[in-house]
Every structure is written in structure tokens, then in C-alpha cells.
Amino acid sequence: MNKNGIPATDEYQALHKANNAFKDYFLNNTDDSVKAYREVVERLANDISQQIKDQHQPYNGKSPASLRAEIEAIDMFPENGSSLKDVLDRTKELVIESNISVYHPHCMAHLHCPTFIASLAAEMIISAFNQSMDSWDQAPAATMIEQLLGRQLCTEYGFGPDSDATFTGGGTMSNFMGLLLARDRYSQEHYNWNIQQKGLPPDASKFRIICAANAHFTVAQSASILGLGETAVVKLNYNEMAEDAATLEEAILDLRSQGLLPIAYVNTAGTTDFGSIGAIGDLADCAHRHGLWMHVDAAYGGALMFSQKHKHKLKGIEKADSITVDFHKLFYQPISCGVFIVKDKSSFEFIRLHAEYLNPESNEELGILDLVYKSIQTTRRFDALKPFIALQHIGVKKFGEMLDHTIALAEEISAVISNDPQFELAYKTPINAVVFRYLPSETLSDAQIDAINNGIKIKLLLSGKAIIGQTCCNERAFLKFTLLNPMSTAAEIMTLLQQVKTIGQEMLSECKIENCYV
Ligand SMILES: *Cc1c(COP(=O)(O)O)cnc(C)c1O
């Protein structure tokens, strides 16, 4: 031992030296580490901005086979590593150059958004400091920011002082949480049965969750994971795609008459495909009259609350028991960033588990809050920092104007499509999803028209020129422009519409020659 109590053996000295060598790989307080970090940040800022400046189409068009071959050529678990510079050079070619650019106006297949610079700044802080949201002693300021931002958000959606929120990985998890709490509360209230402790009650096979036929698939997925089975989901077909209370009421009474137990209604405020929104308040009143939990899946439409012009479309959302809002869609935040809001925070008791090391009650007396109790995740990212920074910078007014622009753009494009005999518009959208199809003037079978429309989407994707969506409407294939990028202009979208038409015409002649799309 030396005088500091450290063993003076050669073996220990060698190990100690090796430990110091590990420092090269971590962010730490040495000059070398800080320098390496700054260099990497600067280099990536250059690579990324260069790519974005030079990228003239949303995708470089590399085929799935060549991407696979390039990636398979890499030794992913090498015995010895190579310099970070070399690895990043390779990554630039493999990943950066083959991205689908969310910044390009012709990237519009999904609710896949461009991101704010302010939120990218937040991402740097999130990853560098690596705060974990499960306990205050891993994330003091972060915990308070998430908690208070969540509470403020509850207020924005018209919820009262008993409400609360938790950040999630997205709409999938938020919908799951809504239905989990709905199931557990129903069981507690009707059977005095705690599912957390005892598993499903005997009557669980009669539980039913009602939603529209075009609700997100995660409703059925949640039912399955919750042990109720996908058959517990009753899907309603609504006229004009907008959900209405009369249809819901009829369905509830019908299920009751069969001896079944409707426990929850999932209303979609902004369906993924069409963006349709029903009369939320009437639906909530109807659900509550019959004792159902009302969950509003506003993953897509929730942002409208911040538009002075369009917030009326969410009227009645304050009557919900729980709401899903995705920040990584119409709030332009980097993935992942979602939130789950509940009207009565005592519902979180249904998922509270006590781990001695995580949430000792004595901490609560000190004002120390461990957020793990209201999440189904334990270790969790500080995603709340992204909207926290971005909204302070942009302000709610400007943010609302961005949404207004996208909706006006969708209205304009919808009007152009409606007036063109070679296109058919599926539905007049209340948000910014334009669903339509190419309709050749020749008489073709439904299957041929479907094949041409599917073909247009695939041709655009594989050439990298445009990433557009596809969906079904009345069992026919339709195309979709999700116009959520506030930077897009009508001229840019019109250019693409023209390309859609050109490809459609080309396919039509191929189709006639080869008779191949029947
Ligand atoms: C996107 C979406 C979801 C799923 O959300 P993720 O964030 O992708 O998990 C659920 N519901 C609706 C209406 C959506 O648009």
C-alpha cells in the first residue's frame, strides 16, 4: 500500500493506467476529451448541413439490395476498433447520404416531420447529459421541467387541477396507457377488483373497446397486450368518416343487449389516414352517459389546440378522460416525443409499483419527485426538453401560424385535385392530409386503376424523387400527401402532382402494351 491506501502492486498500477486510457472514449473533464467532443460536433454539423444543402430529392434512390450489401460488408463487432474519424466517414456514406429527408417538400408519406433547430439544440443537451426521468436523483431540473410542462399542457387542453401528464415514446405507448387505465378503473369500480394484483377479472372476456374503423391499429394492439384480445375491439363505420354520437350510442346499446361490457371509447382526433375529426364533445357525453372511459387519440390532431384558426375543431376534448398527443408529428419535434394526459391523476395508482431504491416515500416529503410512478418505462429520455426549448423560442402564435399554413396548403391542393378530371379526391380534410388517386380517362378495371396508383407510389420511392403515402378508401388504392411541412409551397406540391400524372400516363401505356396490371 502507498500512503493513500492504494495497492502498490504492478498489476494495480497497470490497471490504473489502462483506466486512464479509457478516458479517451468518454466525455470527461480532460482537455483531450473536451477537444475530441468539440471536433466531433463540428464535423457532424458540417456533414449534416452539407447533406441537407446538397440533397435535391428526398432519397438517393439506393436499392434495398445495395443498402444491405454495403451494411453487411461492415464488421460490426471488430476485435479492435478504428478511429472515430474512419467510422464517421463510413457512417456518412452509409447513413447520412441514404436518409429520407424530412426537410424536403416531397417527403410526405407519413406523419414524419421536419424538426426545429431549437429542438435539435435540445437533443444535444439531452444526449450529452443523459438524465434519466425515472428518479429525481438522476434528473433534478429535468424532472421539474417535465412535470410542469405536462401540467401546463393539461391546462391547454382544458383539464382541471387534478389532471396530470407523462411523456412517452409516442402515440403507441400513450394509447396503451389510456386503455390500461380505462380497463383497470372499470374493473376497480365495477368489481372492486385490482388487476395489477390479481390479473384479469372473470368477466374480462366481455370487456369491449369501441373505436372507429379507421382508428389507429394500436387500439387493437393495446387490447391484445392488455389480455382482452383484438376481438374485444368493436370498430364502427361512420358516414363521411367523422365519428358521431348517435352511431356510438347505438353500438353501446347493441353490445349491452348482447350481455357485453363496453368499457372505453377511443375517439381519434385526426385519423392517421384522412385527418378526420368528429364531434368530440358529443362523443364524450355519450361515452360518459354509459359509463365508458373516453380516450381521445389526438396523436395527429392535438396540435390544432395551438392554432387560433383551427382549435375549434378540438372543441369538447376537455371532456375526455385521457388524451394522446404526439410531439414528434405536428409539433415538429425529433423522434421520440409523445405525451399522455389524464384528467384524474389518481388513475396513475393503477400502474404504481414500489421499488425501494427508486421512490422511497421520505423523498416526497422533501419535495423530491420520482416520475417513475406514472410511466410504464423506467429509464426514460428527457424528451420534454425539446418542446420546452422550442416553444419558448418560437412562441405559440408563430407555431399556430405554421399549422395554419399547412392546412391552407392542403385546402389549396385539394381544390386543384378536385378540379382535375384525371384525379379523384377522397375526402375534404380538416387537417393537412390530402388523399386522392390518379384516374385515367380510359375505361379500366378497378384492379388496374389500383395497380397504377400503387405503381406510382413505388416508382417515386425507388427513384428517390418523392416519398408519398398510400391508403385504402372504399377498398380502392389511393395516394396520400401528408402536408405537414410548414416550409412547403403550393408550387412545389404542384410540380409533384404533375409528376404523379406523368408516371400514371406512362404506366397506362405500359399497361396497355403488356396487359400486366390486371
Ligand atoms: C402516429 C399515430 C399513432 C402512433 O403513434 P407513434 O408515435 O407512432 O407511436 C397513434 N394514433 C394516431 C392517430 C397516429 O397518427
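All residue numbers in this chain count up from 1 along the given sequence. Each ligand, and each atom within it, is numbered from 1 in the order the structure gives.
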Return yes if some donor-acceptor pair links the side-chain N/O of [X] with the main-chain N/O of [Y] below 3.5 Å, else return no.
{"X": "T482", "Y": "L484", "value": "no"}
{"X": "D326", "Y": "K329", "value": "no"}
{"X": "E492", "Y": "T495", "value": "no"}
{"X": "K319", "Y": "D285", "value": "no"}

With heavy atoms under 4.0 Å as the rule, classify the contact between [X] and ligand 1 as side chain, backbone, both or neither.
{"X": "N175", "answer": "side chain"}
{"X": "D326", "answer": "side chain"}
{"X": "L111", "answer": "side chain"}

Item to check | Close side-chain approach of M76 and I71, heavy atoms under 4.5 Å | outcome: yes

Checklist entry - Is any side-chain heavy atom of W293 less than 4.5 Å from a side-chain heavy atom of I263? => result no

Next on the checklist: Tell me whether T268 has any N or O atom under 3.5 angstrom from an N or O of ligand 1.
Outcome noted: no

Next on the checklist: Any nitrogen or oxygen of A299 lying under 3.5 Å from a nitrogen or oxygen in ligand 1? Just yes or no.
Outcome noted: no

Checklist entry - Can a salt bridge be assigned to the pair R476 and D446 using a cut-off of 4.0 Å between side-chain N and carboxylate O? => result yes

Checklist entry - Using 4.0 Å as the upper bound for N to carboxylate O, is an ion pair formed by D344 and R185? => result yes

Counting non-hydrogen protein atoms only, what is the nearest one to [atom]? Give residue, atom name and distance.
{"atom": "atom 10 (C) of ligand 1", "result": "H216 CG, 3.3 Å"}
{"atom": "atom 9 (O) of ligand 1", "result": "T172 OG1, 2.5 Å"}
{"atom": "atom 11 (N) of ligand 1", "result": "D297 OD2, 2.6 Å"}

Checklist outcome for this item: For G171, the ligand 1 atoms with a heavy-atom partner under 4.0 Å come out as 4 (C), 5 (O), 6 (P), 7 (O), 9 (O)

Checklist entry - Which atoms from ligand 1 have a heavy atom of T272 less than 4.0 Å away? => result 12 (C), 13 (C), 14 (C), 15 (O)

Item to check | Shortest heavy-atom approach to atom 2 (C) of ligand 1 - which of K329, H110, H112, M173 | outcome: K329

